[in-house]
Amino acid sequence: MKTIIALSVLATAFASTAFAANDYKFGWMTGQLPGTQIVAANIVRKPAFSGQKEEQAQAMDKAKSALEKDYCETRGGEFVVDPGLIVFDKGINEWMIGGVCR
């Protein structure tokens, strides 16, 4: 009986914290590092990111779209992420994604 109750509580907690992709609200800011070809985006989300690997993929998708629109389309290229320029800021729960247009 205790096992059934524990599983029920666990299933309820999991169901209440799971979100469909369209339940997220994203925001971002883009910019270019002066004197370089490096462009970057800071990506935030509601509910907030927690730094998990699957969240990084969401942030990278949003960054790619935003940076291509803001910078790469006018240069005739696409955004290419630099793995060394992917950072999660735990203090403000945002992903910072950087790279170049190629």
Side-chain angles (χ1 to χ4, degrees):
M1 181 68 165
K2 289 181 182 178
T3 303
I4 292 172
I5 292 171
L7 290 174
S8 176
V9 169
L10 181 61
T12 302
F14 180 73
S16 66
T17 58
F19 291 91
N22 58 355
D23 290 339
Y24 295 118
K25 294 181 182 171
F26 293 91
W28 55 85
M29 206 168 49
T30 63
Q32 181 170 358
L33 187 62
T36 73
Q37 295 297 313
I38 297 172
V39 293
N42 294 13
I43 309 294
V44 295
R45 184 186 80 179
K46 284 189 181 180
F49 288 121
S50 61
Q52 298 174 13
K53 199 67 167 173
E54 54 272 2
E55 294 175 343
Q56 180 182 333
Q58 288 179 343
M60 287 174 65
D61 287 344
K62 293 296 179 186
K64 182 173 176 60
S65 297
L67 291 166
E68 284 184 349
K69 181 178 177 255
D70 291 354
Y71 296 95
C72 300
E73 285 178 359
T74 58
R75 299 175 185 174
E78 67 177 311
F79 175 71
V80 178
V81 69
D82 179 334
L85 297 176
I86 300 172
V87 178
F88 180 70
D89 186 330
K90 293 178 186 176
I92 52 179
N93 296 328
E94 77 176 14
W95 284 96
M96 293 170 271
I97 311 292
V100 295
C101 297
R102 295 200 191 225

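Along the sequence shown, residues carry numbers from 1.
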Ignoring hydrogens, what is the shortest heavy-atom contact between [X] and [Y]? Give both atom names and the distance.
X: A41; Y: T30; value: CB-CG2, 4.0 Å
X: Y71; Y: G31; value: OH-CA, 3.1 Å
X: V39; Y: C101; value: CG2-SG, 4.4 Å

Would you sort out whether Y24 and F49 count as a side-chain contact (heavy atoms from CB on, under 4.5 Å), showing the intermediate values? CA-CA 10 Å; Y24 295 118; F49 288 121; over 6 Å; no
(message) Whether the side chain of S65 engages the backbone of D61 through a donor-acceptor N/O pair (distance < 3.5 Å, no angle test) should be reported.
(response) yes
With no hydrogens and no angle check, is any side-chain donor or acceptor of Q32 less than 3.5 Å from a backbone partner on T36? yes
Are V44 and L67 connected, step by step, through hydrophobic side chains (Ile, Leu, Val, Met, Phe, Trp, Tyr) whose heavy atoms are closer than 4.5 Å?
-> no
Cluster question for you: counting only ILVMFWY and a side-chain heavy-atom cut-off of under 4.5 Å, with indirect links fine, are V81 and F26 together?
-> yes
When rounded to the nearest 0.5 Å, the distance separating CD of E68 from CZ of F79 is 8.5 Å
Interatomic distance, NZ@K53 vs CZ@F88, rounded to 0.5 Å, equals 12.5 Å
For residues 26-46, the salt bridge (charged side-chain N to carboxylate O under 4.0 Å, His left out) pairs (sequence neighbours left out) are R45-E55
Applying side chain to side chain donor-acceptor pair (under 3.5 Å) to E54 and not counting sequence neighbours gives none
Whether K69 and E73 form a salt bridge (side-chain N of Lys/Arg under 4.0 Å from carboxylate O of Asp/Glu) is what I want to check.
no
*R102 CZ: over 12 foreign heavy atoms closer than 6.0 Å*: no
Under 3.5 Å, sequence neighbours excluded: what are the donor-acceptor pairs made by side chains of residues 89-100?
| unit_1 | atom_1 | unit_2 | atom_2 | d |
| --- | --- | --- | --- | --- |
| D89 | OD1 | G91 | N | 2.8 |
| D89 | OD1 | I92 | N | 3.4 |
| E94 | OE2 | N42 | ND2 | 3.0 |

